[in-house]
Amino acid sequence: MNDKPADSPAKGPDYAPTLYLPVTDFPMRGGLPQKEPEILARWKAIDLYGKLRSTSAGRPKFVLHDGPPYANGNIHIGHALNKILKDIVTRSQQMLGKDSNYVPGWDCHGLPIEWKIEEDNYRSKGKPKPDFTNPAAMIAFRQECRAYATHWLGVQREEFVRLGVTGDWANPYATMAFPAEAQIAREIMKFAANGLLYRGSKPVMWSVVEKTALAEAEVEYEDHVSDTIWTAFPVRTLRERSMDSTRAAMEKSGEGALDIEGVDELFAEINAASVVIWTTTPWTIPANRAISYSRKIAYSLYRVTEAAADNWAKVGGLYILADRLASDVFKSARVENFERVRAIDPRDILACSHPLNHRAAGYEFDVPLFDGDHVTDDTGTGFVHTAPSHGRDDFDVWMSNQRELIARGIDTNIPYTVDADGYYTAEAPGFAGKRVIDDKGKKGDANDAVIAELLAAGNLIARGKLKHQYPHSWRSKKPVIFRNTPQWFIAMDKPLPQTRNESLRDLALKAIKETRWAPAFGENRINGMIANRPDWVVSRQRAWGVPIAVFVKKGGHEILIDEIVNARIAQAFEQEGADAWFADGAAQRFLAPEYDPDDYEKIDDVLDVWFDSGCTHAFTLEDDEHFPGLAGIQRVRDGGADEIMYLEGSDQHRGWFHSSLLESCGTRGRAPYDVVLTHGFVLDEKGQKMSKSVGNVVAPQTVIKDSGADILRLWVAASDYSDDLRIGPEILKTFIETYRKLRNTMRWMLGSLAHFNASERVAFNDMPELERLMLHRLVELDSLVREAYLTFDYKRVIAALSAFMTSDLSAFYFDVRKDSLYCDPPSSLVRQAALTVIDEIFQRVSTWFAPILAFTCEEAFIARTGSADSSVHLQTFPATPAEWRNDELAAKWRVIRNARRIVTGALEIERASKRIGSSLEAAPVVYVADDSTRAILASVDFSEVCITSGLTLEAGEGPEDAFRDAEAPGISVAPVRASGVKCARSWRYFDPAFADPEFPEVSPRDARALRELKAKSA
RNA sequence: GGGCGCGUAGCUCAGCGGGAGAGCACUUCCUUGAUAUGGAAGGGGUCACAGGUUGGAUCCCUGUCGCGCCCA
């Protein structure tokens, strides 16, 4: 079987040393986990970042403005995706000819860090939570938070750098940096000055025990027994006497049409009825301002026909209820019998009376009915009591109906019915001093007082108890309440000064249209959110943040707007950080001498962190002093050549893209970005989200340790990041395989190029067709790769280049040319032309891949150039001469390669039958029916192309038993074994009659080579 | 429950009204001078499912299911 058994030394000398075999130190296996850190050290040593800046100074800027990750904890695979994608963008833009400067940043303020500090530094040590009314304690706590954020910023920076991300890691931005805090304060002052910042109120989760507001994440749901009540709201005003909606509802339920008398009767009945609500928080009744219904629910009017004489719900009582719930309600109300009178549409009811009306002064107002998405007919009555002071849904319904409330003359104010200690205020008439929850977290006397009054008013029809899941403070484990609190808002719909009566919402919607969204559906997504969002709540009653650094005139709502005071505040923040706001005597320091600090309230609320991050453009892209590398950005829309991109996960349509848009539109009238690119989320191999409990988490640190960062980078580039990405052991395995294939092809080029002298470079016009074909392919790929990088379509780069490297290079061009490259004499034009072309290919492939395989391409660059201080990343994509394009040649070679497939197919049959092994053992006869096809094949060395020792072309269809394939009609192949003897050097069969007498066991070509080599070494 | 997306070979992705494709993986064979490499041939898909539009649908429309993000 084997031509060269190990025990046949008679074959003569070993010719391997006389061949130009590939020679390289570039290892076949990357050893990336070890190699990559060395390359990182090199980048640092040669100051790659500095060199990138100096070589690209003056070019158009491409600014990928970093969305700041939160500085707590190690990075996860989602961070890795985000940063690698950013790095591919940054590096490719640089190689496309831009000055692409990436300045990373961090989000540092906020709740999660506060909790962590409270837990680690206080609770676990048994220390009480610091008293934030004490300036010293406040500042000490803030400094602990700062230290924590600083620590994690450092950890994450190392992890990001390890991914191969290039950027100004020595000078990142941070929302907690003093200049940043100063600028954030200046930005909120701008909203004060333009009139959009106002103080309103909103219900928040409140712990009476701890006297603090809680975030959703600080709340846990536990079983709790609540008082429940069914309360009647007497109908007060009907929309129209015609009762159109209700009559339509009756027709729908098959009750037929009404005549005029019938309508009058209907009108009278409903006027005498009550809408019934059910609630688990009786204490919120004094704060009730509306009733919510759902237009998806069927309602009817019901009459009590049988009940005990002392029952709360009397015989003859008329109640409006959801049909699905009526019998449950009457059962709870101990009604023995009832009848359904007719279908009702609640839209016909304009307002009810408050059930406590007449029990105390202050409940005379109309209680309107509104449609609410949160209303269901699963439990209760189908109507939901709505107290905007005490519930999120309640608040939202109330706020989204402001226009109608104003039109109807209803007071839109949201009452402060309960104070911080859980006591009713005077805004709950008749109940002041009663308590909802006491200091110990126990139920107070409020519910009982309300229930007694409702009963006295005749509007209580049932009561009970319910055990259900209810929010409790994560810390004290005591129940919490929703409580109206003063908050600061940015108005969405108020006209801005210096605009044509445009609101922040108008400007933001316009800015969305002017921005390029990729993928395009991002525009829809953010547009819908901006169009529908309520006013922006920017205040938090917290410690670790930038304060809403304004003063409010005592006894009024007026915010002090004074340039001198503002400058003083910003100046202090710049020097000392925002701690200055909380220091003892701050009001005096900032207000005096112009104002008397006793006349002003210093606002100690801090800004929501989304406002912080919404300001990153202001304190990074516009701060030439601290970020000189970004100085002087001139955006295309301003007549310049620079572009600003934001790139984050698709969740940031509601997050950072959104807050940055609003912040920038409110202060600058336009978006802070020109292009917004979004990516999906990382899921496991089955497309499910990762979680520790499921055990499907892939940690980037593990992948890097086992396989290297370039594998992760290849995964990011090859995946469709506009959708969700999947990762897991099997997926990683296939990318590792792909990587090996690419690496080895690079390695072979490096090994071959070891024998290439620039002085032997062959001119384009002297090259064989096969070389010119490869150069043509480079022209095609050049435009494809540039186009793909310009459109951020990296998977296309990977698909095109890996197909090129495997199919065109490895399996075809390199395979064909090995004979010349290894065996030809040094002077061979074919050999020199092939090396010239391989050099051109290598230059391009190694730069085209560099933005993705940042480490490997650098390693290859070093192996090729031996450079001690340069880098592949300092190159731009090499220009590819247009004269290399030759579509005619490409078409011709498609014919040749198609014919080649028939030959290799025929040889495969011979191989299976053990008649040949290597293709060099064959010299087939190829029959070509078509004259022009045959002429094409005759014009090249088709034997060389097929890697056979000989090949004969014949006209005609060929014999019956010749090999043929439907894909190439008219071509057939008769396999013939190569005749002659096998060349001991090239392994090709040759006719010994032509052997060189001096080198009889090698072919004449090899003899020439040996002679030349001998002469050279002499 | 609502909004925005996605569902094509084992994996990653093309295609997008008229032949279901590529690279990797897999199987078999060859090479042993890219050698823990290289070459060749081959197998593998009811294009999530169900309706509809069309002379014709993976592609257009509607619905269902599954998955994700954002809300509720």
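Below, chains carry the letters A, B, ... as their sequence lines are ordered, and counting in each starts from 1. Only this structure's heavy atoms are used, side chains among them; waters, hydrogens and symmetry mates stay out. Just so you know, these numbers come straight off a predicted model, no measurement behind them.
Look at Arg740(A) and you won't find any side-chain N or O under 4.0 angstrom from OP1 or OP2 of C24(B). Dashed line: the shortest gap from a side-chain N or O of Ser650(A) to OP1 or OP2 of C4(B) is not under 4.0 Å. Of the side-chain N and O atoms in Lys818(A), none sit less than 4.0 angstrom from OP1 or OP2 of U31(B). At the phosphate of A25(B), neither OP1 nor OP2 sits under 4.0 Å from any side-chain N or O atom of Lys733(A).
Side-chain rings of Trp536(A) and Phe489(A) stay apart, their centers remaining 6.0 Å or farther from each other.
Residue contacts shown for Asn532(A) are absent, as no nucleic acid heavy atom lies under 4.0 Å away. As judged by a 4.0 angstrom heavy-atom cut-off over every strand, Leu683(A) is placed among residues touching the sugar-phosphate backbone only. Contact annotation for Arg743(A): no contact, since no heavy-atom pair falls under 4.0 Å across all strands. Gly751(A) comes within 4.0 angstrom of nothing in the nucleic acid, heavy atoms only. Across all strands shown, Ala16(A) has heavy atoms under 4.0 Å from base atoms, whether or not it also approaches the sugar-phosphate. Gly917(A) comes within 4.0 angstrom of the backbone, heavy atoms only, and of no base. Contact annotation for Arg796(A): no contact, since no heavy-atom pair falls under 4.0 Å across all strands. Counting non-hydrogen atoms under 4.0 angstrom, Met749(A) reaches nothing in the nucleic acid. Nucleic acid contact class of Asp720(A) (heavy atoms, under 4.0 Å, all strands): sugar-phosphate only.
Here A36(B) is the nucleotide among A36(B), A40(B), C4(B) with the atom lying nearest to any side-chain atom of Met28(A). Checked against C11(B), A14(B), G23(B), the side chain of Ser807(A) finds its nearest nucleotide in G23(B). Checked against A41(B), C4(B), A34(B), the side chain of Arg901(A) finds its nearest nucleotide in A41(B). When distances are taken from the side chain of Thr904(A) to each of A40(B), C70(B), G23(B), the shortest belongs to A40(B). Comparing C11(B), A34(B), C4(B) by their closest approach to the side chain of Ile731(A) singles out C11(B). The side chain of Tyr15(A) lies closest to G33(B), out of C69(B), G39(B), G33(B). Comparing U12(B), A34(B), C6(B) by their nearest atom to the side chain of Trp748(A) picks out A34(B). Nearest to the side-chain atoms of Gln688(A) among the listed nucleotides C69(B), C67(B), C24(B) stands C67(B). The side chain of Thr806(A) approaches C24(B) more closely than any other nucleotide in the set G33(B), A34(B), C24(B). Picking from G42(B), C71(B), A72(B) the nucleotide with the shortest atom distance to the side chain of Arg654(A) gives C71(B).
A salt bridge between Glu859(A) and Arg747(A) is absent, with no side-chain N of the basic residue lying under 4.0 Å from a carboxylate O of the acidic one.
Across U54(B) and C47(B), the matching P atoms stand 22 Å from one another, rounded to whole Å. Taking atom P on both U12(B) and G19(B), the two are 28 Å apart, rounded to the nearest angstrom. If you take atom P in C4(B) and the same atom in A14(B), they sit 23 Å apart, rounded to whole Å. For the C1' atoms, the distance from G17(B) to C61(B) is 13 Å, rounded to whole Å. For the P atoms, the distance from G44(B) to G21(B) is 13 Å, rounded to whole Å. On the C1' atoms, C13(B) is 15 Å away from U58(B), given to the nearest whole Å. Atom name C1', nucleotides A20(B) and G45(B): the rounded distance is 8 Å, in whole Å. Remark: the separation of the P atoms in A25(B) and U62(B) is 41 Å, to the nearest Å.
Atom pair Arg29(A):CZ and A34(B):C1' shows a separation of 15 Å (rounding to whole Å applied). One can place NZ of Lys914(A) at 6 Å from P of C29(B), the figure rounded to the nearest angstrom. Straight-line distance from the CD1 atom of Ile736(A) to the C1' atom of U37(B): 18 Å, rounded to whole Å. Protein atom CD of Glu730(A) is 8 Å distant from nucleotide atom C1' of A25(B), rounded to whole Å.
Under the Watson-Crick or G-U wobble criterion, with both distances below 3.5 Å, C24(B) is paired with G10(B). With a cut-off of 3.5 Å on both Watson-Crick or G-U wobble distances, the partner of C16(B) is given as none. In this structure, C49(B) forms a base pair with G63(B), meeting either the Watson-Crick or the G-U wobble geometry with both donor-acceptor distances under 3.5 Å. Figure legend. G43(B) is base-paired to no nucleotide; pairs are counted as Watson-Crick or G-U wobble with both atom distances under 3.5 Å.
Cys823(A) has its side chain within reach of Arg985(A): a pair of non-hydrogen atoms, C-beta onward, lies under 4.5 Å apart.
For A34(B), the base has no donor-acceptor partner in the side chain of Ser752(A) [N/O atoms by modelled type, under 3.5 angstrom]. Between the side chain of Arg747(A) and the base of A34(B) there is no donor-acceptor pair of N/O atoms closer than 3.5 Å.
Geometrically, Arg900(A) does not engage Phe942(A) in a cation-pi contact, judged by NZ or CZ lying under 6.0 Å from the ring centre and within 45° of the ring axis. Under the 6.0 Å distance and 45° angle rule, Arg743(A) counts as a cation-pi partner of Phe26(A). Relative to the six-membered ring of Phe482(A), Arg392(A) misses at least one condition, a distance below 6.0 Å or an angle of at most 45° to the axis.
Other residues, nucleotides and ligands contribute more than 12 heavy atoms inside 6.0 Å of the CZ atom of Arg964(A).
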